[in-house]
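These numbers were taken from a predicted model, which means no experiment stands behind them. Atoms within each ligand, like the ligands themselves, are counted from 1 in listed order.
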Amino acid sequence: MNTPMFYSMPDLPFDYNSLEPHMSEEQLRIHHTKYHQAYVNTSNAILEKIDKARKDGTDLDMKSTLKDLSFNIGGHILHSLFWNSLAPEGKGGDISEGLIGTQIIREFGSHGRFKEEFTKAAMSTEGSGWAALALCPETERLMIMQIEKHNTNIYPQFRILLVLDVFEHAYYLDYKNDRAKYIENFWSIVNWNKVNERLEKALM
Ligand code: MN
C-alpha cells in the first residue's frame, strides 16, 4: 500500500443538507469546505516547508513551526472525527443502545448526567475549542475532555469517541451567539452507532 505523505479532505458521510434544521446546509458547507479545508491545506504547507528546509539544509524555527503544525493537524483530525460523530436526525441510533449506553451509566450514573456534564464543558470552553468524550486506555473509564483550540488539555493516548466543535465558525450562521441552543440541538444529530463502534474498537 502506498501511504500518502500529506493530509487529504474526507468526504462528509452525509449530504450537506441532511442535518437540517439543526445544522443548515450553508453552515455545514462553509465549515467543511472552507474551515476544515484550511487546516488540511495549512498542515500540508507546513510539511512542505519542513521537507524543503531539510532538503536545502536550512534552519527551521522549530518553536513556531511545531506550534502551527500541532494546531492545524489537530484541527484536521478533530473535524474528521466531528463529521463522523454526526448523523441525520433519527439515523444515528440512540444513546441507550449498545456498550456506550451501559458504559456511560457506569461512569456518569445516567445518560442525563453525562449530557449535563458534556454540555457544561462545551459551554465553558474558553475562546475556541471542543468538548469530547474519550476513553482512558489505562482505566477504561470514559472521560470528558475540554479541548482549547485544537490541541490544549488533550490527554495523550486517550481514544476520542465523540466530539463537538464549539468554535464560533461551527454555529454562527445558524445560531448567532447562542451556543447553548447549538449544543442542545447537537444531541438530535449525534451518531451514537459510530460512537459505540469507536468504543468497541478501542476496547478490543
Ligand atoms: Mn470547526
Side-chain angles (χ1 to χ4, degrees), residues 6-47 64 66-89 91-92 115 117-134 143-156 158-192 194-195 198:
F6 293 94
Y7 296 101
S8 60
M9 280 293 285
D11 290 332
L12 290 184
F14 35 72
D15 293 331
Y16 283 109
N17 63 4
S18 64
L19 301 181
E20 292 186 340
H22 310 296
M23 202 178 279
S24 69
E25 174 171 359
E26 186 188 20
Q27 178 75 77
L28 185 54
R29 195 181 284 281
I30 289 174
H31 197 176
H32 182 249
T33 65
K34 303 293 181 194
Y35 288 95
H36 185 172
Q37 181 77 59
Y39 298 126
V40 168
N41 294 350
T42 308
S43 297
N44 289 337
I46 297 167
L47 289 176
S64 79
L66 296 180
K67 193 173 174 183
D68 287 351
L69 196 57
S70 166
F71 177 77
N72 283 284
I73 293 176
H76 168 50
I77 291 169
L78 286 169
H79 280 93
S80 300
L81 274 166
F82 184 45
W83 312 133
N84 282 292
S85 294
L86 302 176
E89 187 166 16
K91 297 274 170 66
K115 284 185 177 178
E117 288 189 20
F118 189 96
T119 297
K120 280 184 186 159
M123 276 306 291
S124 62
T125 304
E126 283 178 1
S128 299
W130 303 74
L133 177 67
M143 304 264 280
I144 291 171
M145 281 193 225
Q146 185 181 67
I147 304 169
E148 288 173 11
K149 296 186 282 184
H150 300 311
N151 47 358
T152 302
N153 294 345
I154 286 183
Y155 302 98
F158 278 37
R159 300 295 298 272
I160 297 176
L161 308 173
L162 167 70
V163 281
L164 170 60
D165 189 344
V166 290
F167 275 61
E168 271 181 16
H169 72 222
Y171 60 87
Y172 67 95
L173 287 174
D174 291 342
Y175 297 94
K176 306 284 190 300
N177 62 330
D178 195 350
R179 190 190 284 190
K181 189 80 192 157
Y182 163 67
I183 297 168
E184 190 188 320
N185 287 350
F186 160 74
W187 295 116
S188 301
I189 50 171
V190 173
N191 191 339
W192 288 109
K194 267 274 172 298
V195 177
R198 281 197 280 272

So do [Y] and [X] actually touch side chain to side chain, heavy atoms under 4.5 Å?
| X | Y | answer |
| --- | --- | --- |
| E184 | Y175 | no |
| D68 | T42 | no |
| L162 | W192 | yes |

Under 2.8 Å from the Mn ion (ligand 1), which protein N, O or S atoms are there? Could you list them by chain and number?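 Within the sphere that stays under 2.8 Å of the Mn ion (ligand 1), the protein atoms of type N, O or S are H31 NE2, H79 NE2, D165 OD2, H169 NE2.
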
Of all residues at least two apart in sequence or in a different chain, which pass the side chain to side chain contact (heavy atoms under 4.5 Å, CB included) check with N84?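 Counting only residues at least two positions away or on another chain, N84 forms a side chain to side chain contact (heavy atoms under 4.5 Å, CB included) with P13, K194, R198.
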
Which of parallel (below 30°), tilted (30 to 60°) and perpendicular (above 60°) describes Y39 and F71?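 The arrangement is perpendicular - the two ring planes meet at more than 60°.
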
Hey, what's the ring geometry for W83 with H31, parallel, tilted or perpendicular (30° and 60° as the breaks)?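 W83 vs H31 ring planes: perpendicular.
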
